[in-house]
Asker: 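Here you go, one structure.
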Amino acid sequence: MVDQIMTEYWPWLLALVTGLVTLKWRVLGVYFSGQLETTSPVFDWVSCVAYALIAGLVTRMIILPIGTLQETSSEARLTGAAIALLIFFAARRSVLMGTFAGVGLFIAMTWQT
Amino acid sequence: MAMTITLPHCGASREYFRTQQCERPSMPQDQYQQANYVYQYGSTKKAVFGGVRAAFGMPILALGASYLGLGSLVRDSDLSIWFGVFSTFTTWALPGQLAMLELYGTGASLVVIAVTVSLVNARFLPMMINVMPVIRHPSVPTWKYYLSAHLLSINSWAYLVQRGPLMPHEERFPYYIGFALTIWIAGMVCAALGFLLAGVVPRPVSLGLVFLNPIYFMLLIILGIKKPAIAFATLIGAVMGPLLHLVSPDWGLMATGVIAGSLGFFLGRIWERRQGNNGSASHG
């Protein structure tokens, strides 16, 4: 009985806990931002940390993916990323063109294998 | 342009809009700013809709596609359609949601899942501290920031740090609400759609939808680089991310942020000091 309830509600509990541990960072961010101004060097430093973190996350997701992307070839992922960058700059920094060129090529390369 | 170097408080170009202010000191500041807002909506309500409009376009297209991918993964994991919607409602952070689904599949314990997701999503702390000075305005009561904190995502962060400084200060918070609320709802709708479309769409396409997420963020971030320090931090972070992940999958990302971010910050200072010594205080 208890087991049955647990299996049924387990994923929902996970989604709730996942949400709460994520929300915690956002709320702490508001709290810690205090009276920080955009002209402060601390603001510049935090910007650097945020950019570095996301840049690291992005290359990690492309080079060492966790989950479903693991079943795709690293050639497809790296070529897709390179083409996305190339088209992005060639098309005067167009995020739309870069994204679709990169993902399009990735899908084509994944299809072949 | 020629005025750039002469003003003592200009110094190195710490912030491009501040630098721009210094470039034409002859103009009264108010008038100058009025003339220079790239985005100006006129009222709070219009600023909210400005944010909504900005969301329709690349943000919804890219996030929508990514969340279609999540929806199809939810179906693969034998969970209900509402699970994808609920998870998007509670978490609203794709990498964390993907990690949670993955760990659920492997039967990990609650503690392991909570700690892993918490570390994957720790980026929200620096992002929030970063975005707050941009959107904070005396007319907005503090509780509203706490209430809306949940809406922050990489997308809204990138849009705010890029466009926020280009709009009147009092319009930034309503713009953020309009933008973030729209893509949040779109994310939930697309998580449900992705569930329904799973199986209909060929496998390479649904994998492409998952792949779209890092590619879109990569370009969005490059678009936001305006200062040398940020460029250094982004480059070093991009290289360190996968390397430190190999060292420690749990702490690698956090360490990347702090180490690469600090290195970038200091390299940026050195760079700007050099530029200053060469006689060009600003890259105006």
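Every value quoted in this text rests on a predicted model; they were computed, and no experiment measured them. Sequence lines set the chain letters: A, B, ... in the order given, protein chains first and strands last, and positions in each chain run from 1.
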Asker: Among A:Val21, A:Thr18, A:Thr22, which residue satisfies the side chain to side chain contact (heavy atoms under 4.5 Å, CB included) criterion with B:Met100?
Answerer: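 Among the candidates, only A:Thr18 passes.
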Asker: If I measure from the heavy atoms of chain B, does A:Ile107 come under 4.5 Å with its side chain, its backbone, both, or neither?
Answerer: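 Both parts, backbone and side chain.
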Asker: Is it the side chain or the backbone of B:Leu212 that comes within 4.5 Å of chain A heavy atoms, both, or neither?
Answerer: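 Contact with chain A is through both the backbone and side chain of B:Leu212.
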Asker: Select one option (side chain, backbone, both, neither) describing which atoms of B:Leu263 are under 4.5 Å from chain A's heavy atoms.
Answerer: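 No part of B:Leu263 comes within 4.5 Å of chain A.
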Asker: Go through A:Ile62, A:Leu23, A:Leu36, A:Leu64 and name the one with the most non-hydrogen pairs under 4.5 angstrom from chain B.
Answerer: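 With the most close heavy-atom pairs to chain B, the winner is A:Leu36.
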Asker: Quick check: do A:Arg26 and B:Trp92 have side-chain heavy atoms less than 4.5 Å from each other?
Answerer: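 Side-chain contact under 4.5 Å: yes.
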Asker: Most heavy-atom pairs under 4.5 angstrom with chain B, which of A:Leu28, A:Val58, A:Val42?
Answerer: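 Answer, by heavy-atom pair count under 4.5 Å with chain B: A:Val58.
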Asker: For the side chain to side chain contact (heavy atoms under 4.5 Å, CB included) test, which of A:Val49, A:Asp44, A:Thr38, A:Val46 pairs with B:Asn130?
Answerer: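 Passing option: A:Val46.
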Asker: Report yes if the side chains of B:Phe211 and A:Thr72 come closer than 4.5 Å at any heavy-atom pair, otherwise no.
Answerer: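 Counting from C-beta outward, B:Phe211 and A:Thr72 never come under 4.5 Å.
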Asker: Assess the side chains of B:Ser262 and A:Trp45: does a donor N or O sit below 3.5 Å from an acceptor N or O?
Answerer: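 On atom types as modelled, these side chains qualify, holding a pair under 3.5 Å.
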Asker: Please flag which part of B:Leu61 lies under 4.5 Å from any non-hydrogen atom of chain A: side chain, backbone, both or neither.
Answerer: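 The side chain, not the backbone.
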Asker: I want to check something: taking the side chain as every heavy atom from C-beta on, are B:Tyr216 and A:Val103 in contact at a cut-off of under 4.5 Å?
Answerer: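 Not touching, per the 4.5 Å side-chain cut-off.
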Asker: On the 0 to 90° scale, with breaks at 30° and 60°, tag the A:Trp12-B:Phe86 ring pair as parallel, tilted or perpendicular.
Answerer: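 Plane angle between 30° and 60°, so tilted.
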Asker: Give, as side chain, backbone, both or neither, the part of B:Leu79 having an atom under 4.5 angstrom from any heavy atom of chain A.
Answerer: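 The side chain, not the backbone.
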Asker: Just give me the residue among A:Gly104, A:Ala84, A:Gly80, A:Gly19 that pairs up with chain B most often, heavy atom to heavy atom, under 4.5 Å.
Answerer: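 Winner by heavy-atom pair count: A:Gly19.
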Asker: Specify which of A:Ile54, A:Leu16, A:Leu20 makes the most heavy-atom pairs with chain B at under 4.5 Å.
Answerer: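 Top count of heavy-atom pairs under 4.5 Å with chain B: A:Ile54.
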Asker: In terms of heavy-atom proximity below 4.5 Å to chain A, should B:Pro249 be classed as side chain, backbone, both, or neither?
Answerer: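 Neither part.
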Asker: Using non-hydrogen atoms and a 4.5 Å limit, figure out which bit of A:Ser47 sits close to chain B: side chain, backbone, both or neither.
Answerer: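 Backbone plus side chain of A:Ser47, per the 4.5 Å heavy-atom cut-off to chain B.
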Asker: By a 4.5 Å heavy-atom criterion (distance strictly below it), what part of A:Val95 contacts chain B: side chain, backbone, both, or neither?
Answerer: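 When you check distances to chain B, atoms from both the backbone and side chain of A:Val95 fall under 4.5 Å.
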Asker: Before you tell me yes or no, could you show the steps for A:Trp25 and B:Ser118 under side chain to side chain contact (heavy atoms under 4.5 Å, CB included), namely the whole-Å CA-CA distance, both residues' side-chain angles and the distance that decides it to 0.1 Å?
Answerer: CA-CA 8 Å; A:Trp25 293 121; B:Ser118 179; 3.3 Å; yes
Asker: Report which part of A:Phe100 has an atom under 4.5 Å of a heavy atom belonging to chain B: side chain, backbone, both, or neither.
Answerer: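 Only the side chain of A:Phe100 comes within 4.5 Å of chain B.
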Asker: Checking B:Ser80 against chain A: side chain, backbone, both or neither under 4.5 Å from a heavy atom?
Answerer: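 B:Ser80 touches chain A through side-chain heavy atoms alone.
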